[in-house]
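Each chain gets a letter, A, B and so on, in the order its sequence line appears, and its residues count up from 1. Just so you know, these numbers come straight off a predicted model, no measurement behind them.
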2 protein chains.
Amino acid sequence: MQQSIKLSVDAVVFGYESETISVLLIKRKYEPFKGKWAIPGGFVLDSESLEEAVARELKEETGIKINYLEQLYTFGKPDRDPRKRVVSVAYFGLIKPSAFKLAASTDAEEAQWFSITNLPELSFDHAEILKLAITRLQAKITYEPIGFELLDTKFPFSDLEKLYSSVLGRDIDRRNFRKKMLGLNILDELDEKVSKGSGRPANLFMFNKNRYFKLKKEGIIFEI
Amino acid sequence: MQQSIKLSVDAVVFGYESETISVLLIKRKYEPFKGKWAIPGGFVLDSESLEEAVARELKEETGIKINYLEQLYTFGKPDRDPRKRVVSVAYFGLIKPSAFKLAASTDAEEAQWFSITNLPELSFDHAEILKLAITRLQAKITYEPIGFELLDTKFPFSDLEKLYSSVLGRDIDRRNFRKKMLGLNILDELDEKVSKGSGRPANLFMFNKNRYFKLKKEGIIFEI
DNA sequence: CATACTATGCGTATATTTTACGCTAATATA
DNA sequence: TATATTAGCGTAAAATATACGCATAGTATG
C-alpha cells in the first residue's frame, strides 16, 4: 500500500487557578508557524500506544505529568498541516493546581498557561481542537466528577462551587449546589478547617474515588 | 521521521428492523482472520478526509450509503493488527430500514446483518470497538433524537417506543414516553393512519429536523 | 471591644418534573 | 356480537429542582 499519512497526538491540558480555567500551550520553535502558539503534541512512535505518545510528548514539551487524560477526537482533514498529510489524535487532560507550575527543567522554555478567555492566535487547526475541548469540558463536568482533577486533594466547598461556576460560565446557587453535591455521597468531610481572609472558616472536603466508582458500577448517575 | 504506522477507518453501522438492532459485518477474504467476520473498513487514501474514507469503504464493501455517521473513537494499541502497526479511526453509523437491504451489486457477497444479541466471533479488536459503539448508541439515543435515523420517514408512535425499548434494553412506559416525546415538539403528526394487525390504527408521525435544529441552537436540551 | 462585614452552613416553602397507572377509542378476530 | 389488541388521553402522587431566609463563626474597623 502506498499510504504516506503521518500520525500525531495533541494534548489540550486544562488547569484551574484563581478562579480561572487555563490551557497549556507551547511556542513553536520551527516552521511552519514558527513563533506561534500551539497545543503540545508530536508524532507517535512505532512502538508506543497513543496514550504513551501523548504522555511522552507532554512531558518532553512542558515537563508536566498528567493524571487525567482521555481521548477527545481525531482530526484528519487532508490540508490541516501545510507540509504533509498529518492526522492527529487529540487528547483532553486536567491537572491540579499543585502540579500546575511548569517544570523549568525541560526543553520547554516556551510553555505557558493561557486563560481560555484570553487566547493567543493558534497554529494549524488548533483553535478548532481547543474549541471542541472546551465544549467537552463543560459537558463532562456536569455528568462526571472530573472537577476534582482540577482541585487540590483537600479543598473547601466554595472552591468546588467556584470551579463549576467558571467552567459553566454562569452563577450557581450556593446552597442548592451544596445540597446536591453532598447528596451524591462522593465527598468526605474532613475535620480540618481553612480560613482565607474574612468570613467563617470552611471545612475541608476530599473526593472519595472508591465510593464514586462503586456507585458508578451500580449504575447511579451523577449529574449537576 | 521514520514512522511507519498505517491509518485505517472502520464503520460500525446499526440498523433496526423487526424490533431488533443489528450491525453490519463483512466476512474477511484475506489473511489475517480470513473467513472471520469483521467491521467494514479499510485504509485511508492520502488525498481523502477520514469521513470520505469511511463512506467509500462502506460503499465498496457493503454497497450501503449512510446518512448518519459520526466519529466514535480511535484505536491504536501497537499490537491490534498482527501484521503491522495500524491505527484505526472508528465511526458509528445508523441506517433506516428502507435502505437496510444490502445491495447485491457489489464486492460484498459477504456482507451481512447480525443482531447485536447474537454476534459471531470478530476479527482484530473489533469486539471491543463494537462494544463501545453499543454503549455510545445507548447513551446517545437518550440525549439526541438519533432514533429517527433508524426509522422510516413516516412511522407510527409505537415504532419509536419499541426502538427506544430495544436499544435501552428495558421497558418504557408507553404513556409517559409519548407525553415526553411529543412535549419536545420535534414531531409532526400527519393525517395518515396505518393499521397493522389488530388494534386501533395509529397515526403516522414525522421527525421535524428544522424545528429540532432550531431548538438545539436555542440551547433546549432533549432528554429521555 | 462593640459593631459591621463576610463567607459558611442549614433549612423550608414552592414550582416543576417524573412516575405510576386508570380509562376510553378504534380496529381485527373469534 | 363479544373479546382481544393496540392507540391515545388524563390525573394523582412522588420525587427533584429552585428560590430564598437566616443563624453561625470568623475577620476587619472605628
Side-chain angles (χ1 to χ4, degrees), chain A residues 18-19 141-143 145 147 151-152 154-166 168-207 215 218-224, chain B residues 18-19 141-143 145 147 151-152 154-166 168-207 215 218-224:
Chain A
S18 314
E19 302 180 27
I141 206 172
T142 66
Y143 65 85
L151 298 178
D152 275 319
K154 298 171 181 187
F155 54 88
F157 205 89
S158 56
D159 275 14
L160 189 61
E161 186 213 320
K162 280 173 198 151
L163 168 63
Y164 271 75
S165 186
S166 53
L168 300 176
R170 60 180 163 83
D171 278 1
I172 287 175
D173 184 279
R174 187 171 52 83
R175 296 150 292 186
N176 292 335
F177 179 76
R178 173 182 257 261
K179 241 183 303 182
K180 195 158 181 183
M181 210 30 120
L182 292 181
L184 296 171
N185 206 22
I186 54 174
L187 287 183
D188 289 340
E189 190 163 4
L190 305 176
D191 267 342
E192 294 175 63
K193 288 188 195 300
V194 267
S195 184
K196 26 177 193 179
S198 74
R200 179 174 173 172
N203 238 301
L204 289 178
F205 288 83
M206 273 184 83
F207 176 48
L215 288 173
E218 292 166 13
I220 277 100
I221 294 150
F222 168 97
E223 197 170 314
I224 290 299
Chain B
S18 314
E19 303 180 27
I141 207 171
T142 66
Y143 64 84
L151 298 178
D152 275 319
K154 299 171 180 185
F155 54 87
F157 205 89
S158 56
D159 276 14
L160 189 61
E161 186 214 322
K162 280 172 198 154
L163 168 62
Y164 272 76
S165 185
S166 53
L168 299 177
R170 60 180 163 85
D171 278 0
I172 286 176
D173 184 279
R174 187 171 51 86
R175 294 148 295 185
N176 291 335
F177 179 75
R178 174 182 256 261
K179 243 183 303 183
K180 196 158 183 185
M181 210 31 115
L182 292 180
L184 296 171
N185 207 21
I186 54 175
L187 287 183
D188 289 340
E189 189 163 5
L190 305 177
D191 268 340
E192 294 175 63
K193 287 189 195 303
V194 269
S195 184
K196 28 178 193 178
S198 76
R200 178 175 174 172
N203 239 300
L204 288 178
F205 288 84
M206 273 184 82
F207 176 47
L215 287 173
E218 291 166 12
I220 277 102
I221 294 152
F222 168 98
E223 197 170 311
I224 293 298

Can you tell me how far P of D:dG8 sits from CZ of B:Phe157, to the nearest Å? 9 Å

Heavy atoms only, 4.0 Å cut-off, all strands: where does A:Arg175 land among base, sugar-phosphate and nothing? base

What does A:Asn203 touch in the nucleic acid at a heavy-atom separation under 4.0 angstrom: a base, only the sugar-phosphate, or nothing? sugar-phosphate

Interatomic distance, B:Asp159 CG vs D:dT6 P [rounded to whole Å]: 13 Å

Look at A:Arg174 together with A:Glu161 and state whether they make a salt bridge at an N to O cut-off of under 4.0 Å. no

I'd like the 5' and 3' limits of the part of DNA chain C contacted by chain B, with heavy-atom contacts below 4.0 Å. C:dT18 to C:dA28

Qualifying residues under side chain to side chain donor-acceptor pair (under 3.5 Å), relative to B:Lys154, sequence neighbours excluded: B:Glu192

Candidate pair A:Thr142 and A:Leu168, rule side chain to side chain contact (heavy atoms under 4.5 Å, CB included), full reasoning: CA-CA 9 Å; A:Thr142 66; A:Leu168 300 176; 4.0 Å; yes

Check whether any side-chain nitrogen or oxygen of B:Arg178 sits under 4.0 Å from OP1 or OP2 of D:dC9, and answer yes or no. yes

Return each pair, listed once, that meets salt bridge (Lys or Arg N to Asp or Glu O under 4.0 Å) where at least one residue sits in residues 177-191 of chain A; pairs must be two or more places apart or across chains. A:Asp188-A:Arg211

Take the protein atom NZ of A:Lys196 and the nucleotide atom P of D:dA28, then report the distance between them rounded to whole Å. 15 Å

OP1 or OP2 of D:dA7 versus the side-chain N and O atoms of B:Ser158: is any pair under 4.0 Å? yes

Taking N and O atoms by type only, does the side chain of B:Arg200 place a donor or acceptor under 3.5 Å from a partner on the base of D:dG8? no

Return yes if some donor-acceptor pair links the side-chain N/O of A:Ser165 with the main-chain N/O of A:Arg170 below 3.5 Å, else return no. yes

Would you mind reading off the distance between A:Asp171 atom CG and D:dC20 atom P, rounded to a whole angstrom? 13 Å

Would you please name every residue forming a side chain to side chain contact (heavy atoms under 4.5 Å, CB included) with B:Ser198, sequence neighbours left out? none

Report the residues that fulfil side chain to side chain contact (heavy atoms under 4.5 Å, CB included) with A:Met181, sequence neighbours left out, ordered by chain and then residue number. A:Phe157, A:Leu160, A:Tyr164, A:Phe177, A:Leu184, A:Leu187, A:Phe222, A:Ile224

Comparing A:Lys179 and A:Arg174 on DNA chain C - which has the more 5′ nearest nucleotide: A:Arg174

B:Asp152 side-chain N/O to B:Phe155 backbone N/O, donor-acceptor pair under 3.5 Å: no

Between A:Asp173 and A:Gly199, whichever has its closest DNA chain D nucleotide further toward 5' is A:Asp173

On DNA chain C, compare the nucleotides closest to B:Ser198 and B:Lys180; which residue's is nearer the 5' end? B:Lys180

Whole angstrom value for the distance that separates C1' of D:dA7 from CG of B:Leu204: 13 Å

CG of A:Leu184 versus P of D:dT16: gap in Å, rounded? 12 Å

Pairwise side-chain contact, A:Leu204 with A:Pro156, heavy-atom cut-off 4.5 Å (strictly under): yes

Do any of residues 188-195 of chain A sit with a heavy atom less than 4.0 Å from DNA chain D, and if so which? none

Protein-nucleotide distance (B:Leu182, atom CG; D:dG10, atom C1'), rounded to Å: 14 Å

